[in-house]
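The structure under discussion appears below in the form of structure tokens.
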Protein chains: 2
Amino acid sequence: MTLDRIDRKILDILQRDGRIANADLADKVGLSASACLRRVRTLEEAGIIERYVALLDQRKLGRLMDVFVEISLTGQSQETLENFERAVARSSEIMECFLMAGDADYILHLTAEDPLDFERIHRDHLARLPGVLRMKSSFAIRPIVRRTAIPLDGGG
Amino acid sequence: MTLDRIDRKILDILQRDGRIANADLADKVGLSASACLRRVRTLEEAGIIERYVALLDQRKLGRLMDVFVEISLTGQSQETLENFERAVARSSEIMECFLMAGDADYILHLTAEDPLDFERIHRDHLARLPGVLRMKSSFAIRPIVRRTAIPLDGGG
DNA sequence: ACTGAAATCGCTAAAAC
DNA sequence: GTTTTAGCGATTTCAGT
């Protein structure tokens, strides 16, 4: 699928305001409402728009800690990796996980309410991940930037 | 503001489907449409719901690389930190940034299309950040999990 | 104070072009 | 891609609990 200037503009607006009315979106990109809606549907069906979500203020919900965990596995076999990844995908506490090049095998990003809550997560989630040789946790003091918008064209 | 069971249910549904029709949301939480909408507006005004966004598939948009950058600053003065943080906030290429406890001062998470694109970002964005003593970049091979939903109650 | 019901208003979505 | 139109959902107002 090939994206033209208008498609990119649609995506850029939607990733900043996922609930904009189609009529307003159409205005902003200079299209009629139906033409605009057709493009949005096409982008959805192509999977370029994955989904629409509400972003919540995690601090106001009591999640004050952000923790990054570097993980080394006991081995590099396909099976070891797959077991680990499946377990990660099942844990709702793990916000992000990447297979890494370099020192660590994986990096996890998760949030906790406080140190006690992190202990719970460590015990019930992290310690149960299979094939883990070593874990190194780093704690964030304060979030500076949290962005979900992918740069699409003209941006600082 | 204090959240009851229904508020949490509303939040949990909205952070998985930010475009659900209010009538359907009302059904799922067992409220009338108007009562439900009132609660949603209250949650928005309290800032617990920060915003609604479309999540895009970054791979389908050509962003194949995820990079984590650990940063140490030349000093720890208020001014050094503030200058750095302001510059980070201005860069649309930086997806996440946290002030850290431990080894590094900051950790950045950004995406790039390919190594050449990362070079551009490094040159135009990272290298221009003020007060940086040392940077260590780690590259992701593959994203395993990307989640935006904060655990609210019953979850794996 | 908070909920539910009803009426209005505006938007979505599909058809025709 | 645009215009038109029917139908549905959002939003507001008002009354009940």
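Note on naming: letters A, B, ... go to the chains in the order of the sequence lines (proteins, then strands), and numbering restarts at 1 for each one. Computed from heavy atoms alone, side chains included, the values below leave out hydrogens, waters and symmetry copies.
If you take CD1 of A:Ile20 and C1' of C:dG10, they are 15 Å apart, rounded to a whole angstrom. Atom CZ in A:Arg38 sits roughly 12 Å away from atom C1' in C:dC17 (whole-Å rounding). Here the P atom of nucleotide C:dA5 and the CG atom of B:Leu37 are 16 Å apart, to the nearest Å. In this entry the distance linking CG of B:Leu31 with P of C:dA5 reads 11 Å, nearest Å. The separation between A:Asn22 atom CG and C:dG10 atom P is 17 Å, rounded to whole Å.
Two different hydrophobic clusters hold B:Val53 and A:Leu61 under the rule that ILVMFWY side chains link at heavy-atom gaps under 4.5 Å. Linking Ile, Leu, Val, Met, Phe, Trp and Tyr residues whenever their side-chain heavy atoms come within less than 4.5 Å leaves A:Met65 and B:Leu99 in two separate clusters.
DNA chain C is contacted by both B:Arg19 and B:Gly30; B:Gly30 maps to the nucleotide lying nearer its 5′ end (nearest heavy atom per residue). Each of A:Asp24 and A:Ser34 was assigned the nucleotide of DNA chain C with the nearest heavy atom; the assignment lying further toward the 5' end belongs to A:Asp24. Between B:Ala21 and A:Ala35, the residue whose closest nucleotide on DNA chain D is further toward the 5' end is A:Ala35.
Of all nucleotides in DNA chain D, those with any atom nearer than 4.0 Å to a heavy atom of chain A start and finish, going 5' to 3', at D:dG1 to D:dT3.
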- Kindly indicate, with the supporting measurements, whether the criterion side chain to side chain donor-acceptor pair (under 3.5 Å) is fulfilled by A:Glu44 and A:Tyr52. CA-CA 10 Å; A:Glu44 288 168 357; A:Tyr52 299 89; 2.6 Å; yes
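Applying the side chain to side chain contact (heavy atoms under 4.5 Å, CB included) test between A:Ile71 and each of A:Val132, A:Leu126, A:Ile107, A:Leu133 identifies A:Val132 as the sole match.
Ring geometry for A:Phe118 versus A:Phe139: interplanar angle over 60°, hence perpendicular rather than tilted (30 to 60°).
Side-chain N or O atoms of A:Asp117 include one that pairs as donor or acceptor with a backbone N or O of A:Glu113 at under 3.5 Å. Between the side chain of A:Asn22 and the main chain of A:Ala33, a donor-acceptor pair closer than 3.5 Å is present. Put simply, the side chain of B:Arg142 never gets that close to the backbone of A:Phe98: no donor and acceptor are under 3.5 Å apart. Using modelled atom types, no side-chain atom of A:Glu85 and backbone atom of B:Ile144 make a donor-acceptor pair closer than 3.5 Å.
Contacts between residues 39-49 of chain B and DNA chain C, counted as heavy-atom distances below 4.0 Å, involve B:Arg39.
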